[in-house]
Amino acid sequence: KNMGKQPSMGQKKTKEAIAKAASASKKGGKKKWSKGKVKDKLNNAVFLTTGLQKTIEKDISSMSLITVSTLSDRFKISGSLARRLIRIYVAEDKITSIGTRHHSLYLFAGKEALAKKAAAKKEE
């Protein structure tokens with residue numbers, strides 16, 4: 001019995017026959033590779049403006065978790081600027097280190113946020 005699409009034992013399909021069958025199929029021709037997901041370019045600030053600096057100074061002590069990533073996302077600043085700001089605010093004693101420090105991941109918390117957490121624990 002002939003199985004339909006398969007050629008009989010003696011004959012092979014020619015390249016033209018294969019190309020014709022491929023173009024006649026539902027997909028239609030060669031596989032088109034996707035370009036992949038393109039991430040939008042972040043337009044983060046590289047320099048601090050006075051307005052941005054004031055908002056960061058106002059908000060940073062009340063943040064419960066401060067990392068380079070959270071500063072970068074929240075205030076739309078570059079990572080290198082966020083690292084510098086963390087060093088400055090640690091020196092000014094506005095934020096404190098929490099957990100063990102890794103060479104690439106800085107974990108900090110604002111002083112106000114820690115005080116609120118301690119007060120909430122005392123009430124319980």
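All values below come from the heavy atoms of this structure, side chains included, with hydrogens, waters and symmetry mates left out.
Remark: His103 pairs with no residue by the side-chain hydrogen bond (donor to acceptor under 3.5 Å, both in side chains) rule, at least two apart or across chains. Residues that satisfy the side-chain hydrogen bond (donor to acceptor under 3.5 Å, both in side chains) test with Glu92, not counting sequence neighbours, are absent from this structure. Among residues two or more places apart in sequence or in another chain, the side-chain contact (heavy atoms from CB on, under 4.5 Å) test is passed with Ala113 by Ser64. By the side-chain contact (heavy atoms from CB on, under 4.5 Å) test, Ser78 pairs with Ser80, Leu81, sequence neighbours left out. Under the side-chain hydrogen bond (donor to acceptor under 3.5 Å, both in side chains) criterion, Thr70 pairs with Thr67, not counting sequence neighbours. In this structure, the side-chain contact (heavy atoms from CB on, under 4.5 Å) partners of Lys111, at least two apart in sequence or on a different chain, are Asp93, Thr96.
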Report, one line per pair, each donor and acceptor closer than 3.5 Å where one atom sits in a side chain of residues 40-51; sequence neighbours left out.
residue : atom : partner : partner atom : Å
Asn44   : ND2  : Ile77   : O            : 3.4
Thr49   : OG1  : Leu52   : N            : 3.2

Going by atom type alone, with no hydrogens or angles, which donor-acceptor pairs under 3.5 Å involve a side-chain atom of residues 83-91 and a protein atom two or more places apart or on another chain?
none

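Taken to the nearest 0.5 Å, the CD1 atom of Ile95 stands 10.0 Å off from the OG atom of Ser61. In this structure, Ile56 CD1 and Leu71 CG are separated by 7.0 Å, a value rounded to the nearest 0.5 Å.
Tracing side-chain contacts under 4.5 Å through hydrophobic residues (I, L, V, M, F, W, Y), one reaches Met63 starting from Val68; they form part of the same cluster.
Listed by first then second residue, pairs satisfying salt bridge (Lys or Arg N to Asp or Glu O under 4.0 Å) with a partner in residues 66-80 number zero, not counting sequence neighbours. Listed by first and then second residue, the salt bridge (Lys or Arg N to Asp or Glu O under 4.0 Å) pairs that reach into residues 46-67 are Glu57-Lys94, sequence neighbours excluded.
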